[in-house]
Amino acid sequence: MRQKELRIALVCYGGVSLAVYMHGVTKEIWKAMQASRAFWSDEPEPAGSAAVYLRLLRRLEAGGNLRLRLLTDIVAGASAGGINSVFLAQAIHSGQSLEPLTELWLECADVDVLLDPAARPWSRIAKFWARPIVSFLLRRPGNAVSASVAPETRREVRAKLSRLIRSRWFEPPFSGIGFSHLLCRALTAMSRAPAEKPLLPANHPLDLFVTATDFKGHLETLHLHSPETVMESEHRLTIGFRAKVQDYGGHSLAPMPELVLAARATASFPGAFPPLQIAEIDRLANEKEIAWPGREAFLQRIMPEHLRRGDLDSVALIDGSVLVNAPFADAMSVLRDRPATREVDRRFVYIDPTPDHMAAGMDKGIRAPGFFPVIFGSLSAIPREQPIRDNLEALERDSREKAALSDIVRALRPEIEETVERLFGYTLFLDRPTPKRLAAWRAKAQQAAFEQAGFAYHGYAQIKFSGIVAMLGRMIFEAAPELALPNAAPIRTRLFAQLEVNGIDRMKALRDARSPAMVTFFRVHDLAFRIRRLRFLARQVTQERENDESVTEQDRDHARTAIYAALAIYIDLEPIASLGEDFPGLARSVFEDAETVIDRVAQKRRLVNTDEIVDELLAEALVEMPPPLRRRVLLAYLGFPFYDTVTLPLLRGEGMNEFDPVLVDRISPEDCHFIRPGSDTLRGTEFYNFGAFFSRAYRENDYLWGRLHGAERMIDLIASTLSKDHDLPEGELRRFRREAALAVLDEEERRLRADPTLVANIRRQVEAL
């Protein structure tokens with residue numbers, strides 16, 4: 001049985017009130033992950049649409065010879081899409097329910113709820129002099145409500161808009177602390193409900209990114225030719241979280257104040273909410289008696305310049321979509337360090353509720369846009385119109401490079417395996433691997449690879465050497481913020497100078513594969529090489545498709561388990577924390593005593609001793625493997641130095657784990673046609689995408705269509721992982737889509753009551769298909 005992981009990196013756009021639709025979509029992603037968790041465990045079968053996804057996974061296994069696992073391990077969002085991202089990531093990591101977020105959107109995403117109590121008109125006659133003006137603005141021919149709101153909802157929208165307009169002027173009408181309280185209430189409800197198992201495998205990393213805009217900005221140093229340095233104001237801000245999933249549920253992705261801060265900041269729509277300031281989150285934590293033990297470390301991580309300058313109290317964060325509405329770049333930045341225990345099908349999935357934002361709400365005529373179109377277009381539509389073409393082209397370019405490297409590895413494989421067999425003789429595969437033999441074989445293969453690389457060795461060694469120094473420089477820079485350096489470049493320069501004194505001249509020593517100083521330096525510092533080697537080995541085991549009945553998928557699983565256990569030993573040495581509590585103090589002295597700092601890293605990591613532990617693990621695993629698999633693993637392990645000398649320069653010194661191309665999928669109403677064309681299904685598009693904030697009926701409509709469209713696209717995504725010769729017939733896919741749609745309607749029928757005809761009308765359409 002072929003095993004594969006469908007890995008989703010999810011990007012949620014900003015969409016003002018269409019965030020309710022996006023929540024419906026993310027809920028189906030959450031349901032599909034629940035089905036995958038049940039498929040790979042012995043837990044009770046899920047209900048609702050998750051049960052349909054589970055049947056689809058079983059169908060792929062039975063008819064497509066594919067055992068699929070669904071993972072969403074990277075989540076990024078902006079504005080209201082950032083709120084959905086925060087809650088989805090929390091649910092994935094903790095095993096908690098997304099239902100509290102559903103209630104938050106349906107009950108609280110309303111202008112009457114969000115309006116600051118201090119800004120409400122205190123009576124019907126408040127600002128009585130403004131009522132005729134408001135009435136004229138909202139009822140005159142061609143007014144914004146008549147032009148963009150359905151007739152049956154105009155009365156409700158006008159009433160709420162009147163209260164909004166007659167609230168305080170020249171200040172944001174909505175409450176910032178009130179918004180934070182609502183977010184905290186939903187997160188608290190999630191934490192208090194029973195938690196199931198996390199939706200990712202234990203120890204798998206989950207990355208969350210939300211964007212915000214630093215209104216006042218901070219100065220960053222740019223290095224030029226002339227003048228040498230200039231200062232530039234930076235306003236983009238990414239609030240990122242990373243955590244490894246635990247064995248059991250209930251663990252929060254991050255402290256609640258940090259999650260609230262991220263969600264509140266990214267959705268701080270200009271003019272509607274006051275900018276977020278740190279004092280607001282401190283106030284929330286005090287009022288709710290929520291501990292925030294890592295406050296200083298968190299602020300140091302996301303706003304180091306402000307903390308260094310001591311102006312955190314004046315920081316003002318506004319909506320992330322002002323500058324970054326589609327945070328692809330943040331999600332792409334973590335692709336290179338994902339663990340993989342089986343074949344990976346990596347997808348970037350982005351949710352875009354209105355692909356043509358401007359055209360959906362703007363006048364098609366030739367006259368100049370009016371008052372409301374200019375304001376709402378500038379604040380909500382135009383920033384979201386910026387194309388993602390650059391991001392998609394970068395993904396495509398990266399995918400081409402991965403495909404080319406895979407082709408290179410496959411092309412090199414026969415020659416490298418032949419070289420390894422000549423180097424060791426055929427008796428290599430008859431000998432019983434022991435730790436001592438494995439170390440000796442590895443050293444011999446590595447020396448041969450260096451010698452046979454010829455002129456290419458110098459460039460390869462330079463990249464390895466520079467990579468190690470860059471790693472050391474980065475660790476010292478992060479450990480010693482007191483040095484007040486703009487970046488790690490001065491530290492790298494100092495390290496290069498010290499290593500030259502120690503006998504490693506970049507222009508001379510690195511040309512000689514037998515240079516004692518160089519050999520010693522790589523032995524005690526080249527952690528990245530060891531990690532690359534084991535990841536390459538795991539990938540080869542995963543992709544091993546020899547037609548030998550003596551090698552089973554269980555044999556490969558045992559091999560991968562041993563390899564990843566060995567890999568974990570090396571990965572545990574990467575963080576700064578592994579260097580000891582006194583390393584930051586030592587790092588601050590790098591310019592006075594660089595040699596001591598370099599030696600401390602080597603002493604703490606003890607790579608030579610660690611190699612002995614890893615050799616024992618691998619030798620034991622090799623003995624247990626069937627001979628054909630053991631042969632393939634040894635050929636890959638001992639041949640890795642030959643592969644590395646070719647591929648590392650092509651990777652520009654960066655390792656790569658997910659070696660397969662990245663595909664991009666969109667979820668949008670325009671892509672969903674199973675029930676009816678999706679472009680006319682949403683109501684939040686009215687009033688310049690603010691429509692759902694004025695009507696619960698609109699919110700229920702958009703949430704339900706989000707779930708229906710999400711279900712349709714999730715079935716398509718899961719089915720697309722099959723090879724062409726195992727494709728499911730379209731008729732069978734339609735049956736799965738129909739079952740999923742009916743399951744969603746069954747789940748939501750009792751909740752969605754604002755429009756009694758909504759569920760019934762859609763059910764009739766689905767049943768007729």
Practice item. Might you work through the side-chain contact (heavy atoms from CB on, under 4.5 Å) test for M518 and R523, ending with a clear yes or no? Key: CA-CA 9 Å; M518 184 274 294; R523 286 189 69 207; over 6 Å; no
Specify the closest pair of heavy atoms between [X] and [Y], including all atoms of both residues, with the distance to one decimal.
{"X": "F642", "Y": "A449", "result": "CE2-CA, 3.5 Å"}
{"X": "A448", "Y": "L423", "result": "CB-CD2, 3.8 Å"}
{"X": "F348", "Y": "A331", "result": "CE2-CB, 3.6 Å"}
{"X": "A91", "Y": "W30", "result": "CB-NE1, 4.0 Å"}
{"X": "L335", "Y": "I74", "result": "CD2-CD1, 4.0 Å"}
{"X": "M475", "Y": "I576", "result": "O-CD1, 3.6 Å"}

Considering only NZ, NE, NH1 and NH2 on the basic side and carboxylate oxygens on the acidic side, decide whether [X] and [Y] come within less than 4.0 Å.
{"X": "D557", "Y": "R560", "value": "yes"}
{"X": "R58", "Y": "E45", "value": "yes"}
{"X": "D345", "Y": "R7", "value": "no"}
{"X": "R67", "Y": "E61", "value": "yes"}
{"X": "K464", "Y": "D526", "value": "yes"}
{"X": "E624", "Y": "R630", "value": "no"}

Look at the side chain of [X] and the backbone N and O of [Y], then say whether any donor-acceptor pair between them is shorter than 3.5 Å.
{"X": "Q34", "Y": "L199", "result": "no"}
{"X": "D330", "Y": "P327", "result": "no"}
{"X": "S85", "Y": "V210", "result": "no"}
{"X": "W40", "Y": "L68", "result": "yes"}
{"X": "Q246", "Y": "K244", "result": "yes"}
{"X": "S720", "Y": "L717", "result": "yes"}
{"X": "H93", "Y": "L206", "result": "no"}

With a 6.0 Å cut-off on the ring centroids, do [X] and [Y] count as close?
{"X": "F640", "Y": "F529", "answer": "yes"}
{"X": "F536", "Y": "Y643", "answer": "yes"}
{"X": "Y350", "Y": "F328", "answer": "yes"}

Point to revise | Criterion side-chain contact (heavy atoms from CB on, under 4.5 Å) against R713, the qualifying member of I718, D671, I351 | key: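 Passing option: D671.
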Which distance, rounded to the nearest 0.5 Å, do you find between the [atom1] of [X] and the [atom2] of [Y]?
{"X": "T561", "Y": "H558", "atom1": "OG1", "atom2": "NE2", "answer": "7.5 Å"}
{"X": "E196", "Y": "S94", "atom1": "CD", "atom2": "OG", "answer": "10.0 Å"}
{"X": "L618", "Y": "L537", "atom1": "CG", "atom2": "CG", "answer": "7.0 Å"}
{"X": "R347", "Y": "L70", "atom1": "CZ", "atom2": "CG", "answer": "10.5 Å"}
{"X": "E417", "Y": "R422", "atom1": "CD", "atom2": "CZ", "answer": "12.5 Å"}
{"X": "R69", "Y": "L57", "atom1": "CZ", "atom2": "CG", "answer": "11.0 Å"}

Mark yes when over 12 heavy atoms from residues, nucleotides or ligands other than [X] sit less than 6.0 Å from its [atom1]; otherwise mark no.
{"X": "E730", "atom1": "CD", "result": "yes"}
{"X": "E620", "atom1": "CD", "result": "no"}
{"X": "E43", "atom1": "CD", "result": "yes"}

Pairwise side-chain contact, [X] with [Y], heavy-atom cut-off 4.5 Å (strictly under):
{"X": "Y248", "Y": "K197", "result": "no"}
{"X": "H726", "Y": "L66", "result": "no"}
{"X": "S578", "Y": "F583", "result": "no"}
{"X": "Y460", "Y": "F465", "result": "no"}
{"X": "N609", "Y": "V614", "result": "no"}
{"X": "M714", "Y": "L56", "result": "no"}
{"X": "V75", "Y": "D207", "result": "no"}
{"X": "L54", "Y": "P46", "result": "yes"}

Exercise for review: Would you please test R556 and V551 for side-chain contact (heavy atoms from CB on, under 4.5 Å) and show each step?
Suggested key: CA-CA 8 Å; R556 296 189 183 93; V551 179; 3.9 Å; yes
Exercise for review: Enumerate the residue pairs fulfilling salt bridge (charged side-chain N to carboxylate O under 4.0 Å, His left out) with a member in residues 433-449, sequence neighbours excluded, ordered by first and then second residue.
Suggested key: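 Non-adjacent pairs meeting salt bridge (charged side-chain N to carboxylate O under 4.0 Å, His left out): R442-D615.
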Exercise for review: Apply the test side-chain contact (heavy atoms from CB on, under 4.5 Å) to residues L622 and Y637: give CA-CA distance (whole Å), side-chain angles for both, the deciding distance (0.1 Å), then the verdict.
Suggested key: CA-CA 11 Å; L622 284 164; Y637 184 73; over 6 Å; no
Point to revise | Pairing residues for A443 by the side chain to side chain contact (heavy atoms under 4.5 Å, CB included) criterion, not counting sequence neighbours | key: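 For A443 there are no side chain to side chain contact (heavy atoms under 4.5 Å, CB included) partners, ignoring immediate neighbours.
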Practice item. Using the salt bridge (Lys or Arg N to Asp or Glu O under 4.0 Å) rule, take E421 and R631 through it: C-alpha gap first, then chi angles, then the decisive distance, then the call. Key: CA-CA 10 Å; E421 288 180 335; R631 178 179 181 275; 2.4 Å; yes
Exercise for review: Compute both the distance and the angle, then confirm whether R535 meets the cation-pi test with Y570: under 6.0 Å from the six-membered ring centre, within 45 degrees of the axis.
Suggested key: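 No, R535 does not sit over the ring of Y570.
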Practice item. Give the intermediate values and the outcome of side-chain contact (heavy atoms from CB on, under 4.5 Å) for residues F39 and Y53. Key: CA-CA 10 Å; F39 181 61; Y53 301 132; over 6 Å; no
**Study point:** From CA spacing to verdict: salt bridge (Lys or Arg N to Asp or Glu O under 4.0 Å), D73, R346
**Key:** CA-CA 10 Å; D73 59 348; R346 167 63 74 184; 3.0 Å; yes
Exercise for review: Show your working on salt bridge (Lys or Arg N to Asp or Glu O under 4.0 Å) between R530 and D611 and close with a plain yes or no.
Suggested key: CA-CA 9 Å; R530 291 156 166 94; D611 289 341; 2.9 Å; yes
